[in-house]
Amino acid sequence: MDRRIRCDLACATLLAVLALATGNDAAAAGDPRRGAQVFQACTVCHSVKPGEHLTGPSLAHVWNYRAGTAEKFSRYSDALKRADIVWDEATLDKWLSDPAQLVPGTSMTFPRVKESKDRQDVIAYLRAVSEGKAPSAEPRRDGMMMESRKADLKKAPPAGQVVSIGHCGDTYTVKTADGKTNKVWEFNLRFKTDSSKDGPLPGKPVIVGAGMQGDRASVVFAAPAEIGSFIKQTCQ
């Protein structure tokens, strides 16, 4: 399951849970404080910090901006880039109701925000964000909140600092700065890049665990060119 699909499913599930958690506290339509709570489901894919792009673009300045124009975000679908849409209350309501109906061919495929009240509150929140008046999201009633910030990989502990990677047969041997050696089946080790300010230092890749059983991991490099030169073919 690719990252976008997982992101869409997570957003849809969390929206349903948050709608139930906040439903009895709903105020008038367009309540930005409640919208901040509902929007927590969307932080899986979107940040409201200026310039912080995740799977989707930052929504820090979405209000009254033309769709597909967030600065330094390059993953828009051609359909959205061609769309002559300015984000306001009406267009955002249509988008949250059914993105594919508003922009056929869009790569944003999450099911939709079904409840009009939820859509209006999220829209009010996004407008407040753009105007610098965003309220803080209160914790949900189960005490949980989503956290969208990425870890700063430059500050990885020794156990995460990769010093060498060897490949032999179907196995990668990953050595880290804490002196440990990890053997990983090649199908379970992913190689990624992160050129953002939170990415690793050049030539200093970081290993990040993933998977429910701890049997999968990702090695994150500062740039694509580092990947091939860092991995050595060796069976020692």
Side-chain angles (χ1 to χ4, degrees), residues 1-11 14 39-62 68-78 80-81 107-110 129 145-167 171-233:
M1 185 180 294
D2 68 31
R3 185 178 177 185
R4 191 187 75 200
I5 294 173
R6 285 188 280 113
C7 179
D8 295 338
L9 290 175
C11 187
L14 285 165
F39 184 79
Q40 290 299 304
C42 301
T43 61
V44 176
C45 303
H46 292 283
S47 169
V48 291
K49 283 193 62 177
E52 185 177 67
H53 303 309
L54 306 178
T55 299
S58 166
L59 302 181
H61 303 298
V62 70
T69 60
E71 187 176 0
K72 296 184 178 179
F73 184 78
S74 58
R75 295 185 291 279
Y76 287 115
S77 65
D78 290 338
L80 191 62
K81 288 190 290 186
S107 59
M108 181 146 171
T109 56
F110 88 102
V129 167
M145 278 188 66
M146 293 298 298
E147 176 57 62
S148 65
R149 282 200 57 79
K150 293 158 51 185
D152 185 348
L153 298 184
K154 293 180 178 66
K155 299 178 180 178
Q161 299 170 20
V162 178
V163 296
S164 69
I165 301 176
H167 180 260
T171 301
Y172 285 107
T173 300
V174 182
K175 295 183 179 180
T176 47
D178 61 351
K180 293 184 178 180
T181 299
N182 301 285
K183 301 278 188 179
V184 187
W185 180 34
E186 62 182 358
F187 194 77
N188 281 347
L189 189 63
R190 299 175 181 178
F191 298 104
K192 301 180 180 180
T193 60
D194 186 350
S195 59
S196 74
K197 63 180 180 60
D198 295 323
L201 291 168
K204 302 289 185 180
V206 172
I207 189 166
V208 180
M212 294 299 291
Q213 303 301 322
D215 59 347
R216 298 177 187 175
S218 297
V219 177
V220 186
F221 294 83
E226 295 183 6
I227 299 175
S229 61
F230 200 92
I231 301 170
K232 306 301 182 183
Q233 193 68 31

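We count residues from 1, following the sequence as given.
Of the inter-residue distances, the one linking Glu186 atom CD with His167 atom NE2 reads 4.0 Å to the nearest 0.5 angstrom. Taking CG from Leu201 and CD from Gln161, the interatomic distance works out to 9.0 Å, rounded to the nearest 0.5 Å. To the nearest 0.5 Å, the span separating OG1 on Thr69 from CG on Leu80 amounts to 9.0 Å. Taken from CZ in Arg190 to CD1 in Ile207, the straight-line distance is 13.0 Å, to the nearest 0.5 Å. Interatomic distance, Gln40 CD to Cys42 SG, rounded to the nearest 0.5 Å: 9.5 Å. Atoms CZ and CG, from Phe221 and Leu153 in turn, are 12.0 Å apart once rounded to the nearest 0.5 Å.
Counting heavy atoms from C-beta outward, Ser58 and Lys49 have side chains that stay 4.5 Å or more apart. At least one side-chain heavy atom of Ile227 sits less than 4.5 Å from a side-chain heavy atom of Thr193. Taking the side chain as every heavy atom from C-beta outward, Val174 and Leu189 approach each other to under 4.5 Å. Side-chain contact between Pro57 and His46: present, with at least one pair of heavy atoms (C-beta onward) separated by less than 4.5 Å.
When all heavy atoms are compared, the tightest approach of Pro200 to Asp194 is CD-O, 3.7 Å. The two residues Arg75 and Ser107 come nearest to each other via the heavy atoms O-OG, 4.5 Å. Shown here for Ile165 and Tyr172, the closest heavy-atom pair between the two residues is CG2-CD2, 3.8 Å.
Within a 6.0 Å radius of CD in Glu71, no more than 12 heavy atoms belonging to other residues, nucleotides or ligands are found.
The main-chain N or O of Ala177 is never found under 3.5 Å from a side-chain atom of Lys180 such that the two would form a donor-acceptor pair. For the pair Lys204 (side chain) and Ala222 (backbone), a donor-acceptor distance under 3.5 Å is absent. Panel note: side chain Tyr76, backbone Ala70; a donor-acceptor pair is recorded below 3.5 Å.
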### Task
Give the intermediate values and the outcome of side chain to side chain contact (heavy atoms under 4.5 Å, CB included) for residues Phe39 and Val129.
CA-CA 12 Å; Phe39 184 79; Val129 167; over 6 Å; no
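For Thr176 and Asp178, the side-chain atoms include at least one donor-acceptor pair closer than 3.5 Å.
Aromatic rings from Phe230 and Phe191 are positioned such that their centres are separated by 6.0 Å or more.
The aromatic rings of Phe187 and Trp185 sit tilted, their planes meeting at an angle between 30° and 60°.
Paired with Arg216 under the rule side chain to side chain contact (heavy atoms under 4.5 Å, CB included), one option of Asn188, Val208, Val184 passes, and it is Asn188.
Partners of Thr181 by side-chain contact (heavy atoms from CB on, under 4.5 Å), not counting sequence neighbours, listed by chain and number: Thr173, Lys175.
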